[in-house]
Amino acid sequence: MRNILLFVSLVLCFSCKSDSTQQQNMPAVDASDEIENWTCIPGKKVGKIAKNFSEKDVIEAYGVENVERKEIGLGEGEMANATVLFPNTDNQLFITWQLDKQFEVIDEILIDEAKTSWMTSQGITVGTTLKELVNINEKPFQFAGFEWDYSGFANDWQGGKISKNLSVFLEPSNPEAVYPDLLGDALFSSDLPKAKEADLKVRAMIIRFDQ
């Protein structure tokens, strides 16, 4: 739960950054464009990153120029360390670490850039629509209401085909449709007419590894 809150704050923070800020911070050479394997298999791998990877392994796989550490806020003055792969690019992702094994054992990976190349083996990425998620899952699923800390969070796939190691945050393309029926600390079905009217799409995804 603590790390989900962290990722919520990350999603909110980085979804608000401007294009001009990105351009100012872009590295001289975006070596990420040369990486061919952007496939994520929840529970197994994210590109070259596997369950047993430490930060050192990430650097060896992708190059020190494409990796940096960032201290990020958890709220109420609490901070945590994350490893950023391809910082300030469309393929930026965040790796957090188990608290007692910092930079040694991966906890979760967050992907939230709108134009990212990262995609699961089932075709889920940032921008995937609600209809596409339901089709991939082969059954309806549940998601949290909007306008609170876990806004649009979905990880209850109701026994469908989507991996339990994948969670997503949804956002409405038609925000007016979430009022007043899809708000707050409650779970809603993807089958609801209001959910379809809101034209929900993935704004971020979190990938975990098999324990």
Side-chain angles (χ1 to χ4, degrees), residues 3-19 21-22 32 38-43 46-47 84-86 88-94 96 108-208:
N3 285 319
I4 291 173
L5 279 172
L6 159 63
F7 281 134
V8 171
S9 65
L10 274 173
V11 170
L12 292 175
C13 173
F14 285 94
S15 65
C16 294
K17 63 181 177 289
S18 67
D19 291 339
T21 301
Q22 276 192 307
S32 68
W38 302 104
T39 302
C40 307
I41 304 177
V46 174
V84 189
L85 177 61
F86 302 133
N88 305 310
T89 72
D90 287 338
N91 293 311
Q92 174 177 261
L93 61 74
F94 297 90
T96 60
E108 296 176 334
I109 295 177
L110 169 76
I111 299 167
D112 70 345
E113 291 293 328
K115 297 180 180 179
T116 187
S117 298
W118 299 106
M119 179 180 291
T120 75
S121 53
Q122 294 179 305
I124 300 170
T125 187
V126 177
T128 296
T129 66
L130 180 71
K131 181 178 179 180
E132 290 169 336
L133 285 174
V134 172
N135 287 341
I136 291 168
N137 198 46
E138 296 186 6
K139 65 187 304 183
F141 61 90
Q142 293 187 318
F143 63 92
F146 296 93
E147 295 198 356
W148 71 301
D149 286 344
Y150 297 96
S151 182
F153 184 70
N155 69 346
D156 184 355
W157 304 110
Q158 299 285 289
K161 298 295 185 180
I162 296 177
S163 170
K164 62 183 173 122
N165 289 304
L166 176 69
S167 301
V168 302
F169 289 94
L170 302 173
E171 66 178 356
S173 299
N174 178 21
E176 292 79 8
V178 305
Y179 296 96
D181 302 318
L182 301 179
L183 300 178
D185 181 4
L187 291 176
F188 300 93
S189 172
S190 59
D191 261 357
L192 289 173
K194 275 284 189 176
K196 298 174 183 177
E197 183 183 345
D199 191 17
L200 302 179
K201 296 180 180 179
V202 174
R203 66 181 169 93
M205 54 186 186
I206 297 172
I207 296 171
R208 294 172 297 278

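Values below: all heavy atoms of this structure, side chains included; hydrogens, waters and symmetry mates excluded.
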Show the nearest heavy-atom pair for residues [X] and [Y], with the distance to one decimal.
X	Y	result
Val126	Ala114	CG1-CA, 3.8 Å
Phe141	Leu170	CE1-CD1, 4.2 Å
Gly43	Ile207	N-CG2, 4.5 Å
Ala177	Leu182	O-CD1, 4.5 Å
Ser189	Phe143	O-CE2, 3.7 Å
Met205	Val168	CB-CG1, 4.0 Å

Check: Centroid-to-centroid, Tyr150 to Trp148, below 6.0 Å?
Finding: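 Aromatic pair counts; centres sit under 6.0 Å.
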Item checked: Within the 6.0 Å centroid threshold, strictly below: Phe86 and Trp38 ->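 Centroid separation for Phe86 and Trp38: below 6.0 Å.
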Looking at side-chain heavy atoms only, is the closest gap between [X] and [Y] below 4.5 Å?
X	Y	value
Leu133	Asn135	no
Leu166	Ile206	no
Asp199	Leu130	no
Ser151	Phe169	no
Val46	Trp118	yes
Glu197	Asn174	yes
Ile162	Ile124	yes

Next item on the list: Would you kindly say whether Asp90 and Gln92 are connected by a side-chain donor-acceptor distance under 3.5 Å?
Entry: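 Distance-only check fails for Asp90 and Gln92.
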Check: Going by distance alone, is a donor N or O of one side chain under 3.5 Å from an acceptor N or O of the other, for Ser163 and Arg208?
Finding: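 No - no donor-acceptor pair under 3.5 Å links their side chains.
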Next item on the list: Could you grab the distance from atom NZ of Lys194 to atom CG of Leu192, nearest 0.5 Å is fine?
Entry: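 Reported value, rounded in 0.5 Å steps: 10.5 Å.
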Check: How long is the span from the NZ atom in Lys115 to the CD atom in Glu113, to the nearest 0.5 Å?
Finding: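 Lys115 NZ to Glu113 CD: 10.5 Å, rounded to 0.5 Å.
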